[in-house]
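Shown next, in structure tokens, is the structure this report addresses.
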2 protein chains.
Amino acid sequence: MPYSSFASMPCTLSRPAALLGERWTLLLLRQIFLGTRRFEDFQATMDISRSVLTDRLNVLLQENVLKRVPYHEDGRTRHEYRLTEKGRDLYPVLMALRTWGEKWMAPDEEESFHLHHRDCGGGVRAKVECTGCGVELTARDVQVTARE
Amino acid sequence: MPYSSFASMPCTLSRPAALLGERWTLLLLRQIFLGTRRFEDFQATMDISRSVLTDRLNVLLQENVLKRVPYHEDGRTRHEYRLTEKGRDLYPVLMALRTWGEKWMAPDEEESFHLHHRDCGGGVRAKVECTGCGVELTARDVQVTARE
DNA sequence: TCCCTTGCGTTCGATTTTCGAACTCAGCTA
DNA sequence: TAGCTGAGTTCGAAAATCGAACGCAAGGGA
């Protein structure tokens, strides 16, 4: 059972965990959510090797997390990498990481960027809630039931 | 700027992303949240190589995500790996992955395990909300402001 | 036309990680 | 005494990553 076989396990947690758990992939998504869209810009800001960057972008294209969109510059047609709806839906994952990072890795740190709600200016926080009663949940509030 | 240097970047998203973005780490955390606690059980259920398992467990111990807790079996003292409070607080990250996996990777799949709120039996869902007005947020609702 | 630049990769040899099988070691148990 | 078990450690082979050079297509300028 190599690492890659988790990508086809019948588990809706394993598969995303195996996909985003490859080296560079989470950092790449962070960069994308911060607005980076072009190969050269990923390469420059992350200092990832070009061959690995090519590979990770291709995996995310194949998974339909990213799409290539043509654009014009200096009269030339080029392509940039943009999030699909599926990709944009990863926002809670990134925000959960950040919420955790703020609490546990540097409570008093000046963040390298600030996030706020456009409408009211409030902060941003990830949480887990019950789809039944709407209350916020922690790991202890949740019962795990294995199948078969 | 090697991969490891993201672990010390002044960004509350980069550091968690670099930590959990190492191969096997997210899958290891999944297994821990599902109740696995011993070296042999991780090795058997994930089929990870023993040396990498040792390394990943040590990183999570060092980061204070896990702690080693002694227990007794057959009159012998052994140790098991358990989540610290910091580790338990990663629950929203895992739940965000699962919420995404359910929506986008297999909407109609029989899950390998089921989760429900102990108190009301409801389902579990990760989301992002505004700390000001409490409304649910998507990436589009959030303004990013870079620092200096 | 010829040469230069740009963005986006590809190639390739060297270095790191990961793999898997065997080995170690301590503390029971027979 | 010999064997078993959980928890690692070691080590040579295989895979992933690195960084530097190369390829290439589409302009632009002379």
Side-chain angles (χ1 to χ4, degrees), chain A residues 1-8 14 17-29 31-32 35-63 66-82, chain B residues 1-8 14 17-29 31-32 35-63 66-82:
Chain A
M1 192 202 295
Y3 184 85
S4 56
S5 73
F6 283 90
S8 55
S14 293
L19 175 62
L20 303 191
E22 282 288 6
R23 230 184 190 206
W24 292 112
T25 304
L26 280 174
L27 290 168
L28 183 52
L29 286 170
Q31 208 56 48
I32 291 170
T36 304
R37 288 171 185 173
R38 300 181 191 178
F39 191 94
E40 293 298 314
D41 294 336
F42 291 123
Q43 220 276 311
T45 56
M46 299 172 62
D47 203 23
I48 182 177
S49 80
R50 304 176 79 82
S51 47
V52 174
L53 176 56
T54 300
D55 178 75
R56 296 301 184 272
L57 288 170
N58 284 335
V59 169
L60 293 175
L61 285 173
Q62 229 173 336
E63 289 291 335
L66 298 180
K67 60 188 169 189
R68 280 164 60 89
V69 179
Y71 69 95
H72 290 274
E73 195 179 66
D74 311 331
R76 300 178 58 181
T77 299
R78 297 192 171 289
H79 295 269
E80 58 186 18
Y81 296 90
R82 282 173 163 270
Chain B
M1 193 201 293
Y3 183 85
S4 56
S5 72
F6 283 90
S8 56
S14 293
L19 174 64
L20 303 191
E22 283 287 7
R23 231 185 189 207
W24 291 111
T25 303
L26 281 173
L27 290 168
L28 183 52
L29 286 170
Q31 208 58 47
I32 291 170
T36 304
R37 289 171 184 172
R38 301 183 191 177
F39 191 94
E40 293 299 315
D41 293 336
F42 291 123
Q43 219 275 312
T45 56
M46 300 171 61
D47 203 22
I48 182 177
S49 80
R50 305 175 78 83
S51 46
V52 174
L53 176 56
T54 299
D55 177 76
R56 295 301 183 273
L57 287 170
N58 285 334
V59 169
L60 293 176
L61 285 174
Q62 230 172 338
E63 288 291 333
L66 298 181
K67 60 188 170 189
R68 280 163 61 88
V69 180
Y71 69 95
H72 290 274
E73 194 180 67
D74 309 334
R76 300 179 57 183
T77 299
R78 296 192 172 290
H79 294 269
E80 58 186 17
Y81 296 89
R82 280 172 165 271

Separation of Arg56(A) atom CZ from dC8(C) atom C1', in whole Å?
18 Å

May I have the distance from Phe42(A) (atom CZ) to dG7(C) (atom C1'), rounded to whole angstrom?
14 Å

Under a 4.0 Å heavy-atom criterion, the protein footprint on nucleotides 21-30 of chain D, written with B, S and -, is B---BBSS--

Identify all side-chain donor-acceptor contacts of residues 20-28 of chain A below 3.5 Å with residues at least two apart in sequence or on another chain.
{"residue": "Glu22(A)", "atom": "OE1", "partner": "Arg23(B)", "partner atom": "NE", "Å": "3.4"}
{"residue": "Arg23(A)", "atom": "NE", "partner": "Glu22(B)", "partner atom": "OE1", "Å": "3.3"}
{"residue": "Thr25(A)", "atom": "OG1", "partner": "Glu22(A)", "partner atom": "O", "Å": "3.3"}

Can you figure out which of dG6(D), dT9(D), dG19(D) approaches the side chain of Glu40(B) most closely?
dG6(D)

To the nearest angstrom, the CG-C1' distance between Leu53(A) and dC18(D) comes to 13 Å

Check the phosphate of dG9(C) against Tyr81(A), side-chain N and O only, distance under 4.0 Å to OP1 or OP2. Yes or no?
yes

So, does Arg37(A) get its side chain near the phosphate of dC8(C), meaning an N or O under 4.0 Å from OP1 or OP2?
no

Please tell me if the side chains of Arg38(A) and Tyr71(A) come closer than 4.5 Å, counting only heavy atoms from C-beta onward.
yes

Could you tell me if the side chain of Arg50(A) sits less than 4.5 Å from the side chain of Glu40(A), heavy atoms only?
yes

Could you tell me whether the side chain of Leu57(B) reaches within less than 4.5 Å of the side chain of Phe42(B), counting heavy atoms only?
yes

Side-chain contact check for Arg23(A): nearest option of dC19(C), dG8(D), dT17(D) is dT17(D)

Which nucleotide in the list dC19(C), dT17(D), dG8(D) gets nearest to the side chain of Ser49(A)?
dT17(D)

Under 4.0 angstrom between Tyr71(B) side-chain N/O and dG6(D) OP1 or OP2
no

Rounded off to whole Å, could you give me the CD-to-C1' distance for the Gln43(B) and dT5(D) pair?
14 Å

dA7(D) P sits how many Å from Arg68(B) CZ, rounded?
9 Å

Distance check needed: dC8(C) P versus Asn58(A) CG, whole Å only.
13 Å

Is any NZ, NE, NH1 or NH2 atom of the basic residue among Arg82(A) and Glu80(A) found under 4.0 Å from an Asp or Glu carboxylate oxygen of the other?
yes

May I have the step-by-step check of side-chain hydrogen bond (donor to acceptor under 3.5 Å, both in side chains) for Tyr81(A) and Arg68(A), ending in yes or no?
CA-CA 5 Å; Tyr81(A) 296 90; Arg68(A) 280 164 60 89; 3.3 Å; yes

Winner on side-chain proximity to Ile48(A), out of dG9(C), dC19(C), dC18(D), is dC18(D)

Kindly say whether Ile32(B) contributes a backbone atom to a donor-acceptor pair with the side chain of Thr36(B) at under 3.5 angstrom?
no

Separation of dG19(D) atom P from Tyr3(B) atom OH, nearest Å, is 15 Å

Hey, does the side chain of Trp24(B) come within less than 4.0 Å of dC19(C)'s phosphate (OP1/OP2), counting only N and O?
yes

Please check the phosphate of dT6(C) (OP1 and OP2 only) for any side-chain N or O of Arg38(A) closer than 4.0 Å.
no

Rounded distance (Å) that lies between atom C1' of dG7(C) and atom CG of Asp41(A)
10 Å

